[in-house]
Student: 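The structure is given below, and queries will be raised subsequently.
None of these values were measured; they are calculated from a predicted model. The chains referred to below are lettered A, B, ... by the order of the sequence lines, with proteins before strands, and numbering in each begins at 1. Atom set for the values below is all heavy atoms of this structure, side chains included, hydrogens, waters and symmetry mates excluded.
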Protein chains: 2
Amino acid sequence: MDALSVAQRKLMPEMSELLKKRYQILQTIYLEQPIGRRTLSEVAGATEREIRKETDLLRNQQLIEMKTAGMTVTSQGVEVLEKLKVFVREISGLTDMEIELQTILGISKVVILPQDSDEIPAVKSHIGKEAARLLEVLFGRYKKIAVTGGSTMAAISKELSIGKPNRALQFIAARGGLGEDVLHQANTIAAAFAEKTGGSFKTLYLPDHLSVEAFAMMMKEPVIKEMMDLYDQTDIVVHGIGNAEEMAVRRHSSLEEVEKIRSGGAVSEAFGYYFDKDGKIVYRIRTAGIQLEQVQKASTILAVAGGGSKARAILSYFKNAPNPTVLVTDEGAARKIIELTKKLEEL
Amino acid sequence: MDALSVAQRKLMPEMSELLKKRYQILQTIYLEQPIGRRTLSEVAGATEREIRKETDLLRNQQLIEMKTAGMTVTSQGVEVLEKLKVFVREISGLTDMEIELQTILGISKVVILPQDSDEIPAVKSHIGKEAARLLEVLFGRYKKIAVTGGSTMAAISKELSIGKPNRALQFIAARGGLGEDVLHQANTIAAAFAEKTGGSFKTLYLPDHLSVEAFAMMMKEPVIKEMMDLYDQTDIVVHGIGNAEEMAVRRHSSLEEVEKIRSGGAVSEAFGYYFDKDGKIVYRIRTAGIQLEQVQKASTILAVAGGGSKARAILSYFKNAPNPTVLVTDEGAARKIIELTKKLEEL
DNA sequence: TTTAATGGGACAAAAAACGTCCAGCTAGAA
DNA sequence: TTCTAGCTGGACGTTTTTTGTCCCATTAAA
């Protein structure tokens, strides 16, 4: 930050919070446009009155327009968003926090987005957008992308921009149906990625909880074997990180499984693997899908997870995460991770 | 102004006014320190409550300190003042106005200080300080400085910093006693300048309103003649600009004089000359002092005058002012001058 | 010792902000 | 076409903040 901005903040300390708030509102409108006051106030985590006050101002400044369909950002507004992007990151201390997280997690790149997705739903879209931008850059070099499921992954697919179709891209569902909501299954996500980018996709349909015998037999099937080979050739892996218990519940795991996960002290989950607080594999779901070794062979791994509630899981997963991993997260998770780490150091 | 600041102002329009206000308060404290709330509120033209609110904030930001003797600016505060100086000028539009005034008045340099000295007494000090800084630079090259009287000139003398004594400097009273307050006479001012800079000074004592005969005789006196020669060698002339009528009254001019000034349509006054709205000389006081031709021969002329009430006088004087003149004024005068010029153009 | 200034505390009055409705309109779905 | 969900703009009593204006104990200087 330059000396002028430092002096400015010194003379007007209220400015930082105000700027952050307005920026966030403007950004959310941009993301969700057209959107009305009430919907916005819910999604942005503010009262209707406050949203109204700020949007009235934004309109007077010609940064947004209010039509009967809702509010939209003007070209001037988009410009302001771009110009202030780095600055808002600075005053939020996100740039500093990114460096701190890189050290804590032992990886070379972390991107933190403002606010907490646990509190403000729209933040999930911001995370998705950022991840989408990062991916779009990588698409130039890499063509085979394995994707997992989850709501975070779905958020990314929504934010992929529809540019000129890139037929060379191949999206591979990293796992079969894992009992999750269809909309958030790896298969669905792979399809969504392919649709947005104009690429192709490969799905893997295999029911959960097969008997040992049936599973072994299925693995010999050509369709399944083909997928296993594809996993070996994967360039990019994009995945979310889940809380162990939450995932177990969502997947309707058997009592036996839940017991193993519990007793093993599992904290995080990724690609169907459960990790304890030291990053050791506690349990893995017996189903087809990408193997940890295959993930580690990929050129780039993009981990995406946000919200303070995910902090412990992120810390756990990154104990043994492959080094080329890039993490996209939010302020809520980042602050919590730093806080947890500090507490641990004090002991 | 850079793109970042433009975007910032777009998103936070209240910021500009707030920044200006706080900056002005901080600057005034710096200028008058140590100063108390009540005194400050008078001198800065604000209510006690407002001053209190802002100074409490400035203290929390460690920009000022409050002691029993009054408030003082901390080193951090001084730094902020310096860092934001140019920026505050920018957002006040002063930089643009300076260029506009240069065109209107036909001179190469104009310096405008914030606010209006008619409304806020402290602004006079700001003007004095700026003029003092400009002079101090010139002192390196030029040594013979003619000074006139007036409260504005007195303000400059107060703001001259006491650096290492410069014995080479010679201050010459541009005029004899002109019936003004002793404190504001050219003689007194010349002495004050000399004292602050460590230079020498020459005074000219000659009563006003002498008969023609007495005046002619005095001019032959060696003491007086010596001064006349000095005027010829003057490098810098520093002078104020007055309102014609006001000056006439202050100098207790005779009815005859006042009549000439009135009927001639005099608007401005400088060095004892009265000018009408087109810059023509309407009347000149018959007393010893620097001649207009001698002023025009100087290398640099520094005209100093502020306040909306001086706008007409400034416009009048600069109709025929020598080109190397530099004008130091304030926002109040500048805005009024621009306003008057625009009205004139419309007709 | 006196005096004139200082910062801090206090409080009623005024103003602004806030939460929360409703009415009327419109675009898109059925 | 009608219906409906969602939008903006207006309104208004309530709460919170700001404002104007005192007084007081303290302190530094005269």
Side-chain angles (χ1 to χ4, degrees), chain A residues 11-22 24-74 77 119-122 125 158, chain B residues 11-22 24-74 76-77 119-122 125:
Chain A
L11 204 55
M12 301 191 298
E14 327 85 303
M15 189 194 76
S16 296
E17 281 310 308
L18 194 64
L19 182 65
K20 273 197 273 180
K21 187 170 68 185
R22 292 209 182 133
Q24 201 249 326
I25 291 173
L26 187 59
Q27 196 181 32
T28 307
I29 296 173
Y30 182 53
L31 225 50
E32 315 268 326
Q33 64 187 323
I35 186 175
R37 257 186 298 151
R38 256 159 285 217
T39 318
L40 179 59
S41 70
E42 270 175 40
V43 95
T47 64
E48 190 195 328
R49 246 275 155 247
E50 182 155 37
I51 290 291
R52 191 169 183 172
K53 191 180 65 173
E54 300 300 349
T55 50
D56 279 355
L57 180 135
L58 291 177
R59 180 180 45 184
N60 285 338
Q61 292 300 107
Q62 288 153 11
L63 298 176
I64 62 172
E65 272 173 1
M66 286 176 176
K67 303 175 216 155
T68 57
M71 299 176 280
T72 49
V73 177
T74 65
E119 290 160 18
I120 301 168
S125 307
K158 276 184 204 140
Chain B
L11 206 53
M12 301 191 298
E14 329 83 303
M15 191 193 75
S16 296
E17 281 310 308
L18 194 64
L19 182 65
K20 273 197 273 180
K21 186 171 68 186
R22 294 211 181 130
Q24 200 249 327
I25 290 173
L26 186 59
Q27 195 181 33
T28 308
I29 296 174
Y30 181 53
L31 225 50
E32 314 270 326
Q33 64 186 327
I35 186 174
R37 256 189 294 143
R38 262 156 281 221
T39 319
L40 179 59
S41 70
E42 270 175 40
V43 93
T47 64
E48 188 194 329
R49 221 25 196 113
E50 181 154 36
I51 289 291
R52 190 166 183 175
K53 192 179 65 172
E54 300 301 349
T55 51
D56 280 354
L57 181 136
L58 292 177
R59 179 178 48 182
N60 285 338
Q61 292 299 108
Q62 288 152 13
L63 298 176
I64 62 172
E65 271 172 3
M66 285 176 177
K67 303 174 215 156
T68 56
M71 299 176 282
T72 49
V73 177
T74 65
Q76 268 196 71
E119 289 159 20
I120 301 169
S125 307

Student: If only side-chain N and O atoms of A/Thr68 are considered, is one of them under 4.0 Å from the OP1 or OP2 phosphate oxygen of D/dT8?
Tutor: no

Student: Could you check how far CD1 of A/Ile35 sits from P of C/dT26, rounded to whole Å?
Tutor: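 Going from CD1 in A/Ile35 over to P in C/dT26 covers 21 Å.
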
Student: Can you tell me the distance, in whole Å, between the CD atom of B/Glu65 and the P atom of C/dG7?
Tutor: 12 Å

Student: Let me know the distance between CZ of A/Arg37 and C1' of D/dG6, rounded to the nearest Å.
Tutor: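 Computing the A/Arg37:CZ to D/dG6:C1' distance gives 11 Å.
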
Student: Choose from D/dT8, C/dG8, C/dG19 the nucleotide whose nearest atom is closest to any side-chain atom of B/Arg38.
Tutor: C/dG8

Student: Does a nitrogen or oxygen in the side chain of A/Thr39 sit under 4.0 Å from OP1 or OP2 of D/dC7?
Tutor: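 Answer is yes, contact under 4.0 Å.
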
Student: Return the value, rounded to whole Å, for the distance between atom CG of A/Leu18 and atom P of C/dA17.
Tutor: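 Whole-Å distance recorded here is 12 Å.
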
Student: Would you find a donor on one side and an acceptor on the other, under 3.5 Å apart, between the side chain of B/Ser41 and the backbone of B/Ile51?
Tutor: no

Student: What is the distance, rounded to the nearest whole Å, between atom CE of A/Met71 and atom C1' of D/dT8?
Tutor: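 It is 9 Å, rounded to the nearest whole Å.
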
Student: Does a side-chain heavy-atom distance below 4.5 Å link A/Leu18 with A/Glu54?
Tutor: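 They are in side-chain contact.
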
Student: One thing to verify: whether A/Glu17 and A/Lys20 come together as a salt bridge, which I'm taking to mean a side-chain N less than 4.0 angstrom from a carboxylate O.
Tutor: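 Between A/Glu17 and A/Lys20 there is a salt bridge, with a charged N closer than 4.0 Å to a carboxylate O.
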
Student: Starting from the C-alpha separation in whole Å, work towards a yes-or-no answer on side-chain contact (heavy atoms from CB on, under 4.5 Å) for B/Met12 and A/Met12.
Tutor: CA-CA 12 Å; B/Met12 301 191 298; A/Met12 301 191 298; over 6 Å; no

Student: Strictly distance-based, threshold 3.5 Å: is any side-chain N or O of B/Gln33 a donor or acceptor partner for the main-chain N or O of B/Val73?
Tutor: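 Looks like yes, one N/O pair under 3.5 Å.
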
Student: Whole angstroms only, please: what is the NZ-C1' distance between B/Lys53 and C/dA16?
Tutor: 12 Å

Student: Find which nucleotide of DNA chain C each of B/Arg49 and B/Pro34 is nearest to by heavy atoms, and output the residue with the more 5' nucleotide.
Tutor: B/Pro34

Student: Apply side-chain contact (heavy atoms from CB on, under 4.5 Å) to residues B/Ile29 and B/Thr55 and explain how you reach the verdict.
Tutor: CA-CA 10 Å; B/Ile29 296 174; B/Thr55 51; 4.1 Å; yes

Student: Starting from the first five and the last five pairs of the helix from C/dT1-D/dA30 to C/dA30-D/dT1, work out the angle between the resulting helix axes, to 10 degrees.
Tutor: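 Axis-to-axis angle, ends of the helix: 30°.
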
Student: What is the distance, rounded to the nearest whole Å, between atom CG of A/Asp56 and atom C1' of D/dT8?
Tutor: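 Going from CG in A/Asp56 over to C1' in D/dT8 covers 10 Å.
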
Student: How long is the line joining CD1 of A/Ile51 and P of C/dT20, in whole Å?
Tutor: 15 Å

Student: How is A/Glu48 classified with respect to the nucleic acid when contacts are heavy atoms under 4.0 Å: base, sugar-phosphate, or nothing?
Tutor: base

Student: Mind checking whether A/Leu57 and B/Leu11 have side chains closer than 4.5 Å, heavy atoms only?
Tutor: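 In short, these two side chains do not touch, never coming nearer than 4.5 Å.
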
Student: Have a look at A/Arg52 and say if it touches a base, only the backbone sugar-phosphate, or nothing, with a 4.0 Å heavy-atom cut-off.
Tutor: base

